[in-house]
Amino acid sequence: MGGPDADAAGESGESFLSERSAKVFVAGHRGLVGSAIVRKLQQLGFANLVLRTHAELDLTRQSDVEEFFAAEKPRFVILAAAKVGGIHANNTYPADFISINLQIQTNVIDSAHRHGVKKLLFLGSSCIYPKFAPQPILEDALLTGPLEPTNEWYAVAKIAGIKMCQAYRIQYGWDAISGMPTNLYGPNDNFHPENSHVLPALMRRFHEAKVRGAKEVVVWGTGSPLREFLHVDDLADAVVFLMEKYSGSGHVNVGSGKEVTIKELAELVKDVVGFEGQLVWDSSKPDGTPRKLMDSSKLASLGWMPKISLKEGLCDTYKWYLENVKQ
């Protein structure tokens with residue numbers, strides 16, 4: 001095993017892609033991220049995926065997680081399980097967001113190490129960075145300033161996960177890595193009317209307006225903030241790439257490197273959905289952070305680039321929405 005800062009994987013024998021019959025535990029396999037990772041691994045011929053629903057394995061219960069690892073002994077772990085939610089949920093249930101996420105990742109990371117897992121990938125979120133981090137946000141902006149107050153409970157838990165992976169690498173020479181995705185979208189996204197994120201929320205509203213034959217859709221804010229989006233299938237591809245190629249102690253940003261204004265995004269979604277009415281901007285409503293873009297040059301320098309354009313990804317997502325979301 002290389003030292004704590006070894007950047008190239010595969011120093012200790014076989015690589016991830018050469019072990020397609022090995023047991024891979026994907027924690028959180030029913031979510032937006034986990035389901036995409038499962039699809040990707042199945043496409044690549046990984047035939048021994050270990051999957052558990054929340055009902056089958058509660059990751060917040062240490063003894064249950066311990067028993068699971070002792071019995072299954074997976075070789076690889078991809079930790080995509082988390083309690084997630086929007087601003088309203090974070091403000092209403094801060095204790096849940098910090099305690100549940102800390103419990104999940106502590107139990108999984110510790111048990112994985114003690115039961116001989118060869119490599120673990122922990123997935124976080126771009127909300128780990130300071131509210132006023134310089135843009136685009138580099139990995140080393142972590143812990144350089146105060147967090148966004150509306151989701152600091154979730155962010156603190158995710159920062160602890162990164163640090164836990166680093167600590168186990170330093171103390172035990174264990175290959176635990178972390179990836180921080182930007183805003184994600186795609187099949188299995190949350191299209192809930194009240195608590196979905198901006199992209200699925202827009203898609204649902206334009207679709208419902210189209211069905212009703214509405215003349216206009218009102219959208220909050222001025223449309224000027226810039227946001228970055230990555231299709232979840234691109235993230236799944238990056239996860240496999242990191243499992244295969246990366247063994248550094250530092251976390252890695254995973255983004256598209258492209259930003260669009262909310263106005264451009266709304267026009268694109270409107271076009272994909274086929275809503276023919278007007279877009280009305282309610283500038284009395286808040287815009288949120290003016291810009292939030294991650295610098296993903298570290299991942300690009302390792303040799304990975306996203307493949308799915310925003311237009312192509314939106315078409316794919318709308319097709320999934322029509323087939324899977326009750327109208």
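Note that the coordinates shown come from a computational prediction; the quantities given were computed from them, not determined experimentally.
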Does Ser18 reach the main-chain N or O of Ser15 with its side chain, forming a donor-acceptor pair under 3.5 Å? yes
Please name all residues satisfying side chain to side chain donor-acceptor pair (under 3.5 Å) with His29, sequence neighbours left out, ordered by chain then number. none
So, Asp64 side chain and Asp58 main chain: donor-acceptor pair closer than 3.5 Å or not? no
Test item: Thr261 side-chain N/O and Ser224 main-chain N/O as donor-acceptor pair under 3.5 Å: no
So, Thr222 and Asp287: side-chain donor and acceptor under 3.5 Å apart, yes or no? yes
In terms of hydrophobic clusters joined by side-chain contacts under 4.5 Å, are Leu199 and Val218 together? no
Residue list, side chain to side chain contact (heavy atoms under 4.5 Å, CB included) with Tyr172, at least two apart or on another chain: His113, Tyr168, Trp174
With clusters built from Ile, Leu, Val, Met, Phe, Trp and Tyr whose side-chain heavy atoms come within less than 4.5 Å, directly or transitively, what are the remaining members of the cluster of Trp220, listed by chain and number? none
Looking at Leu293, is its backbone amide N or carbonyl O close enough to the side chain of Gln135 to form a donor-acceptor pair, meaning the two atoms are under 3.5 Å apart? yes
Contacts of type side chain to side chain donor-acceptor pair (under 3.5 Å), residue Tyr154, not counting sequence neighbours: none
Please say yes or no: joined through hydrophobic side-chain contacts below 4.5 Å, possibly via intermediate residues, are Leu123 and Leu302 part of one cluster? yes
Can you tell me if Lys73 uses its side chain to pair, donor with acceptor, with the backbone of Ala70 under 3.5 Å? yes
Same apolar cluster: Ile104 and Val156, side chain cutoff 4.5 Å: yes
Assess the side chains of Asn90 and Thr150: does a donor N or O sit below 3.5 Å from an acceptor N or O? no
Okay, side chain of Asn107, backbone of Gln103: is any donor-acceptor separation there less than 3.5 Å? yes
Backbone N or O of Leu17 within a donor-acceptor pair of the Arg20 side chain at under 3.5 Å? yes
Hey, are Lys118 and Asp175 close enough for a salt bridge, meaning a charged N less than 4.0 Å from a carboxylate O? no
Over 60° means perpendicular and under 30° means parallel, so tell me whether Phe46 and Phe16 are parallel, tilted or perpendicular. parallel
Distance-only side-chain donor-acceptor flag, Gln166 / His251, under 3.5 Å: no
Under 4.0 Å between a Lys/Arg side-chain N and an Asp/Glu carboxylate O for Glu72 and Lys23? yes
Ring geometry between Tyr185 and His231 (parallel below 30°, tilted from 30 to 60°, perpendicular above 60°): perpendicular
With ring centroids as reference points, do Tyr318 and His207 lie under 6.0 angstrom apart? yes
Strictly by modelled atom types, are Lys298 and Tyr246 linked by a side-chain donor-acceptor pair under 3.5 Å? yes
Before accepting this row, confirm whether a basic side-chain N of the pair Glu259/Lys292 lies closer than 4.0 Å to the acidic partner's carboxylate O. no
Evaluate the criterion side chain to side chain donor-acceptor pair (under 3.5 Å) for residue pair Ser196 and Asn190; output intermediate values, then yes/no. CA-CA 6 Å; Ser196 55; Asn190 172 15; 5.5 Å; no
Is the centre of the Phe76 ring less than 6.0 Å from the centre of the Phe25 ring? no
Output yes when a side-chain donor or acceptor of Gln105 lies under 3.5 Å from a complementary backbone atom of Ala157, and no otherwise. yes
Are the charged groups of Lys319 and Asp316 less than 4.0 angstrom apart, N to O? no
Are Asp234 and Lys307 ion-paired here, with the side-chain N under 4.0 Å from a carboxylate O? no
If the threshold is 4.0 Å, N to carboxylate O, is there a salt bridge linking Arg75 and Glu19? yes
Let me see the working for Cys165 and Ile177 under side-chain contact (heavy atoms from CB on, under 4.5 Å), right down to the final yes or no. CA-CA 6 Å; Cys165 288; Ile177 61 172; over 6 Å; no
Inspect the surroundings of CZ in Arg291 and state if more than 12 heavy atoms from other residues, nucleotides or ligands are less than 6.0 Å away. yes
Tell me, please, which residues at least two apart from Ala36 pass side chain to side chain contact (heavy atoms under 4.5 Å, CB included). Arg39, Val232, Asp233, Ala236
Does the side chain to side chain donor-acceptor pair (under 3.5 Å) test come out yes or no for Ser35 and Asn188, once each step is laid out? CA-CA 8 Å; Ser35 60; Asn188 282 314; 2.9 Å; yes
Out of Val77, Leu79, Val38, which one pairs with Val26 under the side chain to side chain contact (heavy atoms under 4.5 Å, CB included) rule? Val38
Could you note down all residue pairs passing side chain to side chain donor-acceptor pair (under 3.5 Å) where residues 266-280 supplies at least one of them, sequence neighbours left out? Asp271-Lys311
Whether Arg52 side chain and Leu57 backbone form a donor-acceptor pair below 3.5 Å: no
Regarding Trp153 and Asp96, do their side chains bring together a donor and an acceptor under 3.5 Å, going by distance alone? no
